[in-house]
Visitor: 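A single structure is presented below for examination.
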There are 2 protein chains.
Amino acid sequence: MRSSQYLLSTLKETPSDAEVVSHQLMLRAGMIRKVAAGLYTWTPSGLRVLRKVEKVVREEMQSIDALEILMPMVQPADLWQESGRWDDYGPELLRLKDRHQRDFLLGPTHEEIISELVRKEVSSYKQLPLTLFQIQTKFRDEIRPRFGVMRAREFVMKDAYSFHLTQESLQQSYDQMYAAYCRIFERLGLDYRPVIADTGSIGGNSSHEFHVLASSGEDDIAFSDGSDYAANVEMAEALPPKGERATPAMDKQEHQVKGDELAALLQPLSVEAQQAVKCFLVEASDSVEAEYVLLVVRADHELNSVKAEKLEQVASPFNLVDSYTTHELHNVFLSPVDFSGPIMVDHAAAQLSDFACGAGRNGVWFTGVNWQRDAKITEAVDIRNVIEGDPSPCGQGYLKIARGIEVGHIFQLGKKYSNAMKVGVLSETGKHETLTMGCYGIGVSRIVAAAIEQHHDDRGICWPDNLAPFQAVIIPMNMHKSARVQETAEKLYQQLKDQGVEVLFDDRKERPGVMFSDMELVGIPHQIVVGERNLDEGMVEYQARKAGDKVKLKIEQVASHIKDALS
Amino acid sequence: MRSSQYLLSTLKETPSDAEVVSHQLMLRAGMIRKVAAGLYTWTPSGLRVLRKVEKVVREEMQSIDALEILMPMVQPADLWQESGRWDDYGPELLRLKDRHQRDFLLGPTHEEIISELVRKEVSSYKQLPLTLFQIQTKFRDEIRPRFGVMRAREFVMKDAYSFHLTQESLQQSYDQMYAAYCRIFERLGLDYRPVIADTGSIGGNSSHEFHVLASSGEDDIAFSDGSDYAANVEMAEALPPKGERATPAMDKQEHQVKGDELAALLQPLSVEAQQAVKCFLVEASDSVEAEYVLLVVRADHELNSVKAEKLEQVASPFNLVDSYTTHELHNVFLSPVDFSGPIMVDHAAAQLSDFACGAGRNGVWFTGVNWQRDAKITEAVDIRNVIEGDPSPCGQGYLKIARGIEVGHIFQLGKKYSNAMKVGVLSETGKHETLTMGCYGIGVSRIVAAAIEQHHDDRGICWPDNLAPFQAVIIPMNMHKSARVQETAEKLYQQLKDQGVEVLFDDRKERPGVMFSDMELVGIPHQIVVGERNLDEGMVEYQARKAGDKVKLKIEQVASHIKDALS
């Protein structure tokens, strides 16, 4: 491709509304252009990258015998009413009416459509297991689209769905999909982690998210420095501390304190946060007689509401009681001392002796409090977020915490949709059996942004070979003034094309400085510079975008050098 | 691919709601499944065909240096307000609101989005000409979606847009596109005609439609039996008859007639329709003083309102006056005799002598009427549809008329959008110049249906090699009872796969009859039947789906035989 016939559209300035580096670089390198909030046009060079991601994803789906289909983007409401999601899904679901005032929606996912297909087309156990996938434009009406294609409203997704007679069969397909996802992210050259994820309110059994590690990520990932273990911070188990609780050595003392900020209030007491607890009042479930349950964690830890919601004693959905309005007591003064309902204490807080806590009255705190002597523990439980340095729950190593960008999600749905929509087959014994399902997503367009978050420097994008819009670029210096430069550049361009290299020939009438900075911004991995001076020796200059080292090559060596670098 | 691991989903019965053969066969062969009116899921085998069409279209677009991009399907209303189409476009445009109550639409085409891109990214004449295309899902809210993917609401389209400084440059790209379209339809094995099309109310200069000839087509195409000339019937010129009008030989006579059906009314008068005229009253334009204009065509011809609307004397939009309500005169009795306003007479009607026509009074007709003596001709014009047997307007041969399915449309838009949306660049002389545009569509998903209309027999689809979901199929007879059959079939399957043939191995435990009829329905072009009897001689049976001849082949010949047939 000749750049004079291409639409390059690079920008010198960083657009002011682009917060993360991938968004800035995709705009500056001319890969995308904004049409409206969360809606983008992919330009020629951007689309080339997107298609390369698609290709790797498609190949790996085919390698595990998943069959590609294409479902409509506009979906009828009746199927979503059948599954219950028409009412359950929030305003991210864009609902619309057709000319006959019938209800439709723009598909954010396709569980309903695929369930409808399978219940009509699959009738026998002989047709199972079955995995279907599509690579398609999806729509989610994000309240605040941002970070470019990272959190767009219209985006390209690979969504796959598998159908099974048994949990064992689902687990088998799930494991195959897990392995395929690992191959995909490896082939795309991404530093990623498969992390144990929350199955949340969607229901279902087992779930992993695939995160690309990057400082701009929106999720916190806990991973072990001594094993493959990784989990969403909300999901990572905090192990109970080892050893016995120390014997009480202090008496309980009452203190008048000022303010309602925990840190400011502890300082005059000369108590470290690790030696104090904080309390949360939540609604109790029907299984206990009390109206409220008290949750207690160490003052330097964070309450994990996902974990707390799973406690039998706690009402679901999780409902934190705002003490301002219910008791005229500020929550920093909530206290386990004299609390009559169930007191669920995080393991780390339960390990404390001689600790500080609120007194159940505004403006008063206790020090020297001890469990059993001064306050009861209904049960010691895990209800906090892990922090860096906690022992890994896998038993090996200690946890580190990093930001991650979720680019994939695999999920054992179980029978949520197949029960609601009656998806079943006749089994080998002639019985009607409801199927069990898995679903598996990859954010194809988001991967492009995530890859840039990991592959850039201060001059622009540094594409890995297998994602770059072009593999090589020929940069002739002042070609319009030198027939020799032009001739050599044209010859090299033809040679590389003949060898199957995806090569861009920057034949614009631009100053060399403009060409260099544009090509570094766009991030083409292999650069060939053709200039008068080197031509005197029959040489051109080769530079790898990432490593940066310059090498002189004989003209006849160029093609094989690039081919070697690419293989 | 093994059919036991595939989703075949063939149907024995023809679904009752499928009117045309392609819709019936796409459902029966399991290529598509309906989700809602005009919304379909493409199954694995259907999608394989769709992707093959896409691939040919993409390759030919790239061959003329068109650059592929991807624009959003959801488009903001403001750009359509700028072009004027937000108000002009009918209810086929699906309008919707996002969660913030902002107006959007589902894109039926992308002139506005591409104009917005080009006015921002292209600033210099050096970047021109520029042709951009995408292959994308579109939405048109058809009032009555039908014929399966032929007239669906959601469909896959290739849309291209070109931008130019001059009309000459546009014409050059238009001609290249025309040639690329011809190559596409030829490579897809379609019997097609590029036809001169109406530029209608969209405005613009020149336009061609590409029609696949098929009896189920919704358009009438007139084409010459003596040249390449083809045009939409509405566009084909009707040449004036040669020679002089015959001298009057009869006197004008008045007849009482019964009824208001032309044919029934002419019979008692013993007048052929070719010897009578019919009249239409239409609103006059401001250029004439009269309120109405009378249009006169031969009674066996059809008035062409597209042609009539272009007459200076006729108001635009064309507005036929309903005589029931305006004059209490039935329109079959409208008469050129004593009509005071302009009388525009079709050439063929103007050639008549001694003809019959209405008398301007209900229940009365004249015979023996002659122009000039009994009625004036303001002007003889072309205002009828051509009919089969008319001389071709190109001067060579006579016209034939066939039904066509529109699968492509190329259009010189001129400055309609670039004026409205201010799309311009600096020219070589530093002047700001508004660009001139072309747009070029191909109905990618519709082509799949059109191909089936041309390639089927009473047993199913007969795919050309380059469109078939699989190129070859191996059909083993009672494999589960014969180890020898199984072994040979497996060996051939592996061999063909290794040779790069897209082969389906029908390894289902089905009776041979079921397998044959399924594979003929699906339309796989090359069939290999492996059976005990032929194996005794070391042979298998080869059959071409279309030709139908059976040939015995030695097992070791099969791969090369198929490869030869495919090349």
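Computation of the quantities below employed the complete heavy-atom set of this structure, encompassing side-chain atoms and omitting hydrogens, waters and symmetry-equivalent molecules. Each chain gets a letter, A, B and so on, in the order its sequence line appears, and its residues count up from 1.
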Visitor: Only counting residues at least two apart or in another chain, list the ones meeting ring pair (Phe, Tyr, Trp, His ring centres under 6.0 Å) with B/W42.
Guide: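 Not a single residue meets the ring pair (Phe, Tyr, Trp, His ring centres under 6.0 Å) criterion with B/W42.
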
Visitor: Distance-only, no hydrogens or angles: does the B/Q127 side chain make a donor-acceptor pair with backbone N or O of B/S123 under 3.5 Å?
Guide: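 Confirmed, B/Q127 side chain pairs with B/S123 backbone.
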
Visitor: Which bit of A/L47 comes within less than 4.5 Å of chain B, counting heavy atoms only: side chain, backbone, both or neither?
Guide: side chain

Visitor: As an exercise: rank A/Q136, A/E116, A/R99, A/R153 by heavy-atom pairs under 4.5 Å with chain B and give me the winner.
Guide: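 The residue among A/Q136, A/E116, A/R99, A/R153 with the greatest pair count is A/R99.
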
Visitor: Could you check which of A/V74, A/L94, A/I114, A/L130 has the highest count of heavy-atom pairs closer than 4.5 Å to chain B?
Guide: A/V74

Visitor: Below 4.5 Å from any heavy atom of chain A, which atoms of B/R102 appear? Answer side chain, backbone, both or neither.
Guide: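 Neither part; nothing is under 4.5 Å.
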
Visitor: For A/R51, which atoms come within 4.5 Å of any heavy atom of chain B: side chain, backbone, both, or neither?
Guide: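 Just its side chain gets close to chain B.
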
Visitor: For A/S9, which atoms come within 4.5 Å of any heavy atom of chain B: side chain, backbone, both, or neither?
Guide: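 Backbone plus side chain of A/S9, per the 4.5 Å heavy-atom cut-off to chain B.
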
Visitor: CD of A/Q172: more than 12 outside heavy atoms within 6.0 angstrom?
Guide: no

Visitor: Could you have a look at A/I143, A/L93, A/T137 and say which one has the most heavy-atom pairs with chain B under 4.5 angstrom?
Guide: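 The candidate making the most pairs under 4.5 Å is A/I143.
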
Visitor: Give me the ring orientation class for B/Y493 and B/F505: parallel if the planes are under 30° apart, tilted from 30 to 60°, perpendicular past 60°.
Guide: tilted

Visitor: Within a reach of under 6.0 Å around NZ of A/K55, are more than 12 heavy atoms found that belong to other residues, nucleotides or ligands?
Guide: no

Visitor: Between B/A36, B/G30, B/S45, B/P72, which has the largest tally of heavy atom pairs under 4.5 Å with chain A?
Guide: B/P72

Visitor: Under a 4.5 Å heavy-atom cut-off, does chain B meet the side chain of A/Q134, its backbone, both or neither?
Guide: neither

Visitor: Given a strict heavy-atom distance threshold of 4.5 Å, which part of A/R48 is in contact with chain B: side chain, backbone, both, or neither?
Guide: neither

Visitor: Given that the side chain runs from C-beta out, which part of A/L11 has a heavy atom under 4.5 Å from chain B: side chain, backbone, both or neither?
Guide: neither

Visitor: Out of A/L8, A/L96, A/I113, A/L67, return the one with the most heavy atom pairs under 4.5 angstrom to chain B.
Guide: A/L67

Visitor: Could you check whether atom CZ of B/R2 has more than 12 heavy atoms from other residues, nucleotides or ligands sitting under 6.0 Å from it?
Guide: yes

Visitor: If you look at every heavy atom in A/M150 and A/R446, which pair is closest and at what distance?
Guide: O-NE, 2.8 Å

Visitor: Select one option (side chain, backbone, both, neither) describing which atoms of A/F139 are under 4.5 Å from chain B's heavy atoms.
Guide: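 The side chain, not the backbone.
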
Visitor: Could you label the plane-to-plane angle of the A/H23 and A/Y40 rings as parallel, tilted or perpendicular, counting under 30° as parallel and over 60° as perpendicular?
Guide: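 Correct class here is perpendicular.
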
Visitor: Under a 4.5 Å heavy-atom cut-off, does chain B meet the side chain of A/D65, its backbone, both or neither?
Guide: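 A/D65 touches chain B through side-chain heavy atoms alone.
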
Visitor: Just to verify, which of B/Y417, B/W86, B/F104, B/Y89 counts as forming a ring pair (Phe, Tyr, Trp, His ring centres under 6.0 Å) with B/W80?
Guide: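 Only one of B/Y417, B/W86, B/F104, B/Y89 forms a ring pair (Phe, Tyr, Trp, His ring centres under 6.0 Å) with B/W80, namely B/Y89.
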
Visitor: Using heavy-atom distances under 4.5 Å, tell me whether A/H100 contacts chain B through its side chain, its backbone, both, or neither.
Guide: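 Side chain of A/H100 only, per the 4.5 Å heavy-atom cut-off to chain B.
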
Visitor: Between A/L50 and chain B, which part of the residue has a heavy atom less than 4.5 Å away: side chain, backbone, both or neither?
Guide: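 For A/L50, side-chain heavy atoms alone lie under 4.5 Å from chain B.
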
Visitor: Which pair of heavy atoms, one from A/S445 and one from A/F155, lies closest together, and at what distance?
Guide: OG-CB, 3.4 Å

Visitor: Specify the closest pair of heavy atoms between B/S173 and B/P129, including all atoms of both residues, with the distance to one decimal.
Guide: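 So the two residues come closest at OG-CB, 4.4 Å.
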
Visitor: Contact part of A/K509 toward chain B, heavy-atom cut-off under 4.5 Å: side chain, backbone, both or neither?
Guide: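 Contact with chain B involves no heavy atom of A/K509 at all.
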
Visitor: For residues A/D141 and A/P91, report the shortest heavy-atom separation together with the two atoms involved.
Guide: CB-O, 3.7 Å

Visitor: Do you know which of A/D78, A/L7, A/D98, A/T43 has the most heavy-atom pairs under 4.5 Å to chain B?
Guide: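 Ranked by heavy-atom pairs under 4.5 Å with chain B, first place is A/D98.
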
Visitor: Out of A/P44, A/A37, A/S4, which one racks up the most heavy-atom pairs below 4.5 Å with chain B?
Guide: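 Top option by heavy-atom pairs under 4.5 Å: A/P44.
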
Visitor: Determine yes or no for a side-chain-to-main-chain donor-acceptor pair under 3.5 angstrom, with A/R33 supplying the side chain and B/L117 the backbone.
Guide: no

Visitor: Given a strict heavy-atom distance threshold of 4.5 Å, which part of A/L128 is in contact with chain B: side chain, backbone, both, or neither?
Guide: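 Neither; nothing under 4.5 Å.
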
Visitor: Select one option (side chain, backbone, both, neither) describing which atoms of A/E154 are under 4.5 Å from chain B's heavy atoms.
Guide: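 Only the side chain of A/E154 comes within 4.5 Å of chain B.
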
